[in-house]
Amino acid sequence: MHTSGESRQMGETLWPTPLALLAFACGFTINIQLELIGEVFLVELLAPVLALLVLLSHGPGRAFQTRTFIGVIIAGALTFTGYLVSDLIAANEPWQYLRGWGRVGLLMIDTLALMLLAAHGRRNIWWFVLGVGIGGPIVLLAEGVGLEQWKIGYGEYFALLLAACAGMLPRVVAIALIASCGAFSLALDYRSLGATCLLAAGLLGYPGRRDATAAGCIRKLTLIALCTISAVGLLYFTLSSTNEEFAERRRLSNGGRYIGVVVAWRAISESPLIGYGSWAAEGEFARMLRNEARQLERELNRPVEVGRSLLPHSQLLQAWVEGGVLGAAFFLFYGWGLLVTLYWFVVRRAHDWLSPVGVFLLLYGLWNWLASPFLGFTRIYIAMAVALIAIAKWERAQHMRGATPGLQRRAAVARAKRAGNRRLLGGW
């Protein structure tokens, strides 16, 4: 585990540099939407320009991770190719595939831009997140959106703002505030955000590897058990107390998610290699979607509205349905990175001002990867999470360089074993 001295050496303070303030300004424009080919947000134009200027004037940055950067480019290129091939085979209309290709292209541009900003300082991502947390609600207020629009409105921005500010507060206070945000979100029936905040609060309380004794392990397990019981109890109490008010909407929401997943798996099972194209609207599966909706209508005794597009509430499934197995390449790469980086932030890494932002965004990224569509400004959330993946990669490299001789020897033995395994497999 990093000591405080190691953390100071590896990271930096939150004092705003000119680049950090520019990153804040970019994040501030998160909710300013431009109508080009589909949905484009102003931040998706400003952040790449800023990253390009930094690259040309100061190079890639001292924390630049070449392998991760190349891995993202390759995974993104495979996904774009999957969409391209699927659209050509499906003979989709230009309005469909131009929007789909643009969506994938913007995702890659956003992701690479934030990775470059992160390579020039971890604080740049923190200030970008702070800009998102402040700018998003201000734009909503300017547009006349009421404060009651917590779900798919103010909630996510407030949670990001709270996570950013929590990094400057004592750990116990930060955990309490994030947990309170989770409970408030659950009370307003924003279940995904509420559960993410509660889980993030619990994981931020995990003591990591600071105490490796038997007593320390018992304390860790006890803390995890208490956090889990508290979170589950709070979740159950909140959902039960608001059941009458939101029960019908929850049933319809769960029904829509169920229909999307069922139809998506059928679509993938019938054509796992080639997708159905951007905004898939192939007639056979549109009929499948309506058939599932009619069955749900009989169960609920209410009409259920569905569109013709196959839009499962899962970024991975949606990319697979639309772009085939190649279309899912980026999201498979991304999902693995989320898991590895979350483990680093919770178990291996020293707690600092980036920890609340990191844990929250990684958990929220996992939820969106599993249960949210790939649309709109979710591209920005993916880009922020990938920037954290790159930061964690650099931190792990720095940690190994400053590790004790014993850890270095164990790492060398592990590398030798992996090399031996590769030679053995090569012989086959």
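On a predicted model such as this, the values are computed, not experimentally measured, just so you know.
Residue pairs meeting the ring pair (Phe, Tyr, Trp, His ring centres under 6.0 Å) criterion with at least one partner in residues 152-177, sequence neighbours excluded, are W150-F158.
Smallest separation of non-hydrogen atoms from A319 and F331: CB-CD1, 3.5 Å. The two residues V357 and L388 have their closest heavy-atom pair at O-CD1, 4.3 Å. Taking each heavy atom of P16 and L21 in turn, the nearest pair found is CB-CD2, 3.7 Å.
Counting only heavy atoms from C-beta outward, the side chains of L147 and L141 approach each other to under 4.5 Å. The closest side-chain heavy-atom distance from C165 to L161 is below 4.5 Å. Side chains of T196 and F360 form a contact here, defined as non-hydrogen atoms less than 4.5 Å apart. Between L354 and F345 there is a side-chain heavy-atom pair separated by less than 4.5 Å. A 4.5 Å side-chain heavy-atom check between W336 and L332 finds every atom pair outside the cut-off. The closest side-chain heavy-atom distance from T79 to L326 is not below 4.5 Å. Between L34 and L45, some side-chain heavy-atom pair lies under the 4.5 Å cut-off. W101 is listed as a side-chain neighbour of L84, based on a closest heavy-atom distance under 4.5 Å.
Remark: the S278 side chain and the R103 side chain contain no N/O donor-acceptor pair separated by less than 3.5 Å. Side-chain contact of Y276 with E322: a donor-acceptor pair under 3.5 Å is absent, judged by distance alone. Judged by distance alone, the side chains of Q315 and Y334 never bring a donor and an acceptor atom under 3.5 Å apart.
Across L112, T111, L78, a single residue satisfies side-chain contact (heavy atoms from CB on, under 4.5 Å) together with I73, and that is L112.
Between R122 and D352 a salt bridge is recorded (basic side-chain N to carboxylate O distance below 4.0 Å).
Taking the six-membered ring for Trp and thresholds of 30 and 60 degrees, Y381 and F377 have ring planes inclined between 30 and 60 degrees apart.
Within the 3.5 Å criterion, the main-chain N or O of I268 finds no donor-acceptor partner in the side chain of S271. With hydrogens and angles ignored, the 3.5 Å screen pairs no side-chain donor or acceptor of W353 with any backbone N or O of L169. The backbone N or O of F374 sits less than 3.5 Å from a side-chain atom of Q318, completing a donor-acceptor pair.
Taking the ring centroids of Y190 and F184, they lie at or beyond the 6.0 Å cut-off. When ring centroids are compared, F64 and F69 come within the 6.0 Å threshold.
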Worked verdict on T378 versus N368 for side-chain hydrogen bond (donor to acceptor under 3.5 Å, both in side chains): CA-CA 8 Å; T378 56; N368 290 332; over 6 Å; no
